[in-house]
Amino acid sequence: MKIDVSLPDGSVRSYDKGATAMDVAKSISEGLARNVLSAKVNGELRDANRPLPGNCTLALLTWNDPEGKATMWHSSAHLMAEAIEALYPGTKFGIGPPIENGFYYDIDLGERTIGEGDFAAIEAKMKELASKKLTFDRKEISKADAIKYFTEKGDEYKLELLDGLNDGEITFYSQGNFTDLCRGPHIPDTGSIKAAKVMSVAGAYWRGDEKRKQLTRLYGITFPKQKELEEYLVLLEEAKKRDHRKLGKELDLFTFSERVGAGLPLWLPKGASLRERLINFMKNAQEEAGYVQVATPHIGSKALYETSGHWEKYGKDSFQPISTPQEGELFMLKPMNCPHHCEIFASRPRSYKDLPLRLAEFGTVYRYEQSGELHGLARVRGFTQDDAHLFCRPDQVKEEFMKVIDLVLLVLRALNFESFEAQVSLRDEEDRSKYIGSDENWEKAEQAIIDAAAASGLKTVVEYGEAAFYGPKLDFMVKDALGRKWQLGTIQVDYNLPERFELEYVGSDNAKHRPVMIHRAPFGSLERFIAVIIEHTAGRFPLWLTPEQAAILPVSDKYVDACLRLAEKLKALGVRATVDERNEKVGRKIRDAELAKTPFMLVIGEKEAADGTVAVREHGQGDLGTMTTDAFAAMLEERIAVQLRPVPIGME
RNA sequence: GCCUUUGUAGCUCAGGGGUAGAGCACUUCCUUGGUAAGGAAGAGGUCCCGGGUUCAAUUCCCGGCAAAGGCUCCA
């Protein structure tokens with residue numbers, strides 16, 4: 001008996017019945033066989049050493065495949081569990097899944113506690129066990145036997161997990177002295193794990209339920225090469241250095257004050273100027289795209305949010321209504337701009353000829369985020385959205401949506417985000433109670449997004465349960481310079497709010513029609529966006545955006561006057577530059593300007609003051625030589641033009 | 001919101017039941033120095049806030065607030 005195996009390259013190979021994915025790998029090359037971690041058989045993840053079920057499609061997964069990594073880390077969780085069981089007998093185990101960077105295992109150590117000081121011992125034990133090349137053995141087991149095993153072991157967590165499983169679908173995996181309830185798959189043996197590190201320890205509730213016992217969650221990561229672990233640790237160090245909270249302080253961009261309140265950022269002059277430049281950039285782009293600016297207050301009556309549905313949905317978790325001397329009068333801090341914009345649309349009769357109407361506002365909104373969620377600028381309670389609402393006819397939705405996609409891509413290009421993906425965020429497939437509006441409207445909106453994204457040539461991934469409560473979204477996830485993912489811009493199609501606000505326009509048929517709304521914010525929020533660009537650029541902002549483009553450094557205070565005149569001249573030429581008038585040596589001024597990440601330093605001494613030139617030094621590059629002031633300004637202008645040049649849109 | 005940890009000068013941090021410490025930053029003076037830290041002197045603190053224990057609390061205990069990490073949540 002032979003079976004046919006179709007490989008991803010399209011080839012079909014024939015094997016004896018009972019062959020495993022590993023056998024297939026060996027038949028291709030020894031090297032591949034060494035690197036195989038798991039396999040995808042007919043689209044299903046399986047152990048590489050399990051016999052293939054018959055004719056099938058097969059993809060061999062290695063460390064280069066995300067699913068291969070996940071298999072390795074899942075197995076590593078088991079390995080860590082074995083190490084923990086060896087070091088701390090009697091430990092009970094919860095769950096131990098792979099995560100984006102590594103894995104964790106939730107454990108119950110009883111009276112014992114574990115701290116960073118214990119990590120080294122666990123790592124050593126893991127490495128010792130890994131080097132034994134222990135195989136992961138899969139075993140199908142009856143529910144009764146499984147219960148018996150964990151009852152004898154006294155592990156109530158596993159028993160609870162078993163409770164939710166059906167007889168006949170239960171499997172155990174064993175390696176060395178450790179046996180775990182597990183669906184698998186696992187790597188062939190622990191020999192692929194060459195480097196292991198326990199990263200951190202934290203508390204986590206059993207099954208994420210705060211009413212239940214808190215277990216100890218141990219995070220770890222493993223690699224097939226020691227060198228990769230070292231590179232990973234370097235990356236973590238780099239991420240720490242780029243932390244926007246740290247850089248925000250060092251670069252004088254923003255601050256927080258206990259007295260003002262948690263999650264309420266205070267923009268310092270440099271940060272505010274940077275923010276202003278982002279706003280102007282977006283205003284210009286929007287003006288070209290036919291938007292009009294509007295402005296609305298920071299509060300609105302409670303009734304407004306009852307109409308929009310926000311009160312019902314988020315009222316109890318929001319900043320509570322503001323009362324006035326008048327009995328029964330209540331106002332809310334606005335959590336979104338859309339209700340205000342709906343009322344602008346409704347302020348007079350609208351014709352189909354007026355559409356699309358694109359109302360834009362840098363609107364500051366306030367949301368009561370849980371205290372534990374606040375995080376620098378990335379998660380705050382008061383923030384400014386580059387918000388706009390497009391009111392259009394149903395037949396305009398697709399084109400308008402595609403234009404918004406172009407705008408988002410323009411923004412990503414201008415800030416050098418090379419890598420990104422678009423996520424179609426749809427309703428939760430099961431629980432629909434979280435959303436307002438009819439199924440019919442939702443389906444129209446979902447289809448509109450999928451169509452527009454496809455027509456724009458965007459590659460998308462679909463996520464269920466990520467929609468806004470009034471409509472589905474297209475969210476842009478960018479990868480920063482360190483490969484970390486951030487959610488930035490969002491575009492949403494909404495058939496529901498126009499209904500709730502009874503918005504209408506008169507069509508060419510002289511009848512009333514309901515417009516469709518598109519909500520969109522390419523930056524998302526300025527706060528979050530700035531947090532991301534700080535970390536993406538490590539504080540070395542693009543020249544057009546950076547608060548200070550050049551530091552003018554007099555060699556001694558004899559040349560301060562010349563420097564001040566130079567600053568005036570540069571200002572007239574559109575260059576942002578300030579003079580370092582301190583009584584310090586030029587070496588010191590250069591050092592401080594370098595640390596402040598100022599892109600250019602202009603050293604002015606006797607020679608430059610006399611002939612009106614500047615000695616230019618570039619951040620991180622060193623001395624560029626002497627040039628005229630005009631030539632320097634022209635160089636800046638040219639560099640900025642290159643940074644902002646529209647690049648033909650090409651997807652990843 | 002929950003768990004753990006932390007909170008000392010503008011910043012980074014040491015210390016410790018009995019009158020508060022360093023480096024950097026800041027002020028003044030000296031120095032006028034050409035591409036990553038010139039020198040000296042000085043000023044600067046409600047030791048997060050409130051309560052308790054104690055002869056005595058910045059230190060120990062309790063409660064709050066804030067921050068970090070994690071969990072849950074996110075219009």
Side-chain angles (χ1 to χ4, degrees), chain A residues 104 106 113 115-116 199-219 240 243 245-246 249-250 252 255-263 305 308-315 317-318 334-339 365-376 378-381 385 387 434-436 466-471 473 487 490 492 494 497 519 521 525 528 551 553-560 582-596 601-608 615-626:
Chain A
Y104 66 79
D106 283 347
T113 58
E116 288 181 18
M199 299 302 296
S200 63
V201 58
Y205 297 105
W206 172 231
R207 312 209 112 176
D209 183 344
E210 66 187 56
K211 289 181 191 65
R212 307 203 57 183
K213 183 158 185 185
Q214 182 148 30
L215 305 180
T216 301
R217 176 168 296 179
L218 220 45
Y219 288 88
K240 229 184 212 171
D243 190 314
R245 294 165 300 182
K246 180 169 143 47
K249 195 177 267 179
E250 284 173 12
D252 290 323
T255 187
F256 289 90
S257 151
E258 276 188 38
R259 221 179 283 188
V260 171
Y305 300 102
S308 70
H310 289 100
W311 173 255
E312 193 200 342
K313 211 74 215 168
Y314 293 102
D317 301 318
S318 300
K334 73 175 173 189
M336 291 193 82
N337 302 299
C338 32
V365 297
Y366 302 90
R367 298 179 185 171
Y368 186 79
E369 302 290 353
Q370 295 187 53
S371 59
E373 267 318 308
L374 300 174
H375 181 87
R379 197 72 182 275
V380 289
R381 286 177 171 163
Q385 296 177 307
D387 210 0
K434 295 191 277 191
Y435 310 99
I436 59 171
E466 294 291 313
F469 76 93
Y470 49 77
K473 306 189 285 180
Q487 192 200 313
T490 176
Q492 306 163 13
D494 179 8
L497 284 188
H519 308 239
S525 89
R528 188 178 168 76
L553 313 179
V555 168
S556 85
D557 55 15
K558 277 187 276 189
Y559 313 109
V560 166
R582 292 176 306 165
N583 178 8
E584 293 292 349
K585 291 192 179 182
V586 72
R588 177 54 183 274
K589 293 176 187 178
I590 285 169
R591 176 181 155 83
D592 288 345
E594 288 280 353
L595 290 175
M601 285 143 273
L602 307 176
V603 178
I604 307 300
E606 189 178 357
K607 183 173 164 300
E608 293 79 11
V616 182
R617 179 189 166 100
E618 184 173 0
H619 171 74
Q621 304 294 315
D623 200 345
L624 298 188
T626 301

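Chain A is the first sequence line, chain B the second, and so forth, proteins listed ahead of strands; every chain is numbered from 1.
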(message) Quick test of the criterion, 5.5 Å between centres and less than 30° between planes. Is A:Tyr314 stacked on B:rA75 or not?
(response) yes
(message) What's the gap between B:rG15 and B:rG23 when it is taken at their C1' atoms, as a whole Å value?
(response) 15 Å
(request) Return the nearest nucleotide to the side chain of A:Ser556; candidates are B:rG34, B:rC11, B:rG33. (result) B:rG33
(message) Please determine whether a side-chain nitrogen or oxygen atom of A:Arg217 lies at a distance below 4.0 Å from atom OP1 or OP2 of B:rC71.
(response) yes
(message) Over all strands shown, is A:Glu466 touching base, sugar-phosphate only, or nothing at heavy-atom distances under 4.0 angstrom?
(response) nothing
(request) Using the P atom as the reference point in each nucleotide, state the distance between B:rU6 and B:rA43 in Å, no decimals. (result) 34 Å
(message) The criterion is ring pair (Phe, Tyr, Trp, His ring centres under 6.0 Å); which residues satisfy it with A:Tyr305, sequence neighbours excluded?
(response) none
(message) Measuring only the C1' atom in each nucleotide, how far is B:rA57 from B:rG1? A whole number of Å is fine.
(response) 32 Å
(request) Please state the P separation for the pair B:rA41 and B:rC48 - nearest whole angstrom. (result) 30 Å
(request) May I ask you to decide whether A:Arg617 forms a salt bridge with A:Glu594, counting only side-chain N to carboxylate O separations under 4.0 Å? (result) yes
(request) Tell me which nucleotide among B:rA37, B:rU12, B:rU35 gets nearest to the side chain of A:Lys249. (result) B:rU12
(message) Need one value for A:Val586: base, sugar-phosphate or nothing, where a base atom within 4.0 Å counts as base even if backbone is also close, heavy atoms only.
(response) sugar-phosphate
(message) Say we look at B:rA14 and B:rU8: how far apart would their C1' atoms be, to the nearest angstrom?
(response) 9 Å
(request) Compare the minimum distances between each of B:rG70, B:rG38, B:rA75 and the side chain of A:Glu584, then state the nucleotide with the smallest one. (result) B:rG38
(request) Sticking with atom C1', work out how far B:rC26 lies from B:rG44, rounded to a whole angstrom. (result) 9 Å
(request) Quick one: label A:Lys313 by what it contacts on the DNA or RNA (base, sugar-phosphate, nothing), any heavy atom closer than 4.0 Å. (result) nothing
(message) Please determine whether a side-chain nitrogen or oxygen atom of A:Tyr219 lies at a distance below 4.0 Å from atom OP1 or OP2 of B:rC71.
(response) yes
(request) Mind telling me whether A:His310 and A:Phe469 have parallel, tilted or perpendicular rings, with 30° and 60° as the class edges? (result) perpendicular
(request) Would you indicate what A:Tyr435 reaches in the nucleic acid, counting non-hydrogen atoms under 4.0 angstrom: base, sugar-phosphate, or nothing? (result) nothing
(request) Scan A:Ala615 against the nucleic acid and name what it touches under 4.0 Å (heavy atoms): base, sugar-phosphate only, or nothing. (result) base
(request) Determine the contact category for A:Glu250: base if any of its heavy atoms lies under 4.0 Å from a base atom, sugar-phosphate if only primed atoms, P, OP1 or OP2 are that close, otherwise nothing. (result) nothing
(message) On RNA chain B, does the nearest nucleotide to A:Val616 precede the nearest nucleotide to A:Tyr366 from the 5' side, or the other way round? Give the residue.
(response) A:Val616
(request) Answer yes or no: side-chain N or O of A:Asn583 and base N or O of B:rU32 forming a donor-acceptor pair under 3.5 Å. (result) no
(request) Mark yes or no for whether A:Lys313, through its side chain, and A:Lys434, through its backbone, hold a donor-acceptor pair below 3.5 Å. (result) yes
(message) Is the terminal nitrogen or CZ of A:Arg381 (NZ for Lys, CZ for Arg) located under 6.0 angstrom from the six-membered ring centre of A:Tyr366 and within 45° of that ring's axis?
(response) no
(request) Take nucleotides 62-69 of chain B nucleotide by nucleotide from the 5' end and write B, S or -, depending on whether a protein heavy atom sits under 4.0 Å from the base, only from the sugar-phosphate, or from neither. (result) ---SSSSS
(request) Give a yes/no on whether any side-chain N or O of A:Tyr368 is located under 4.0 angstrom from OP1 or OP2 of B:rG1. (result) yes
(request) Please indicate whether A:Glu312 has more than 12 foreign heavy atoms, meaning atoms of other residues, nucleotides or ligands, lying under 6.0 Å from its CD. (result) no
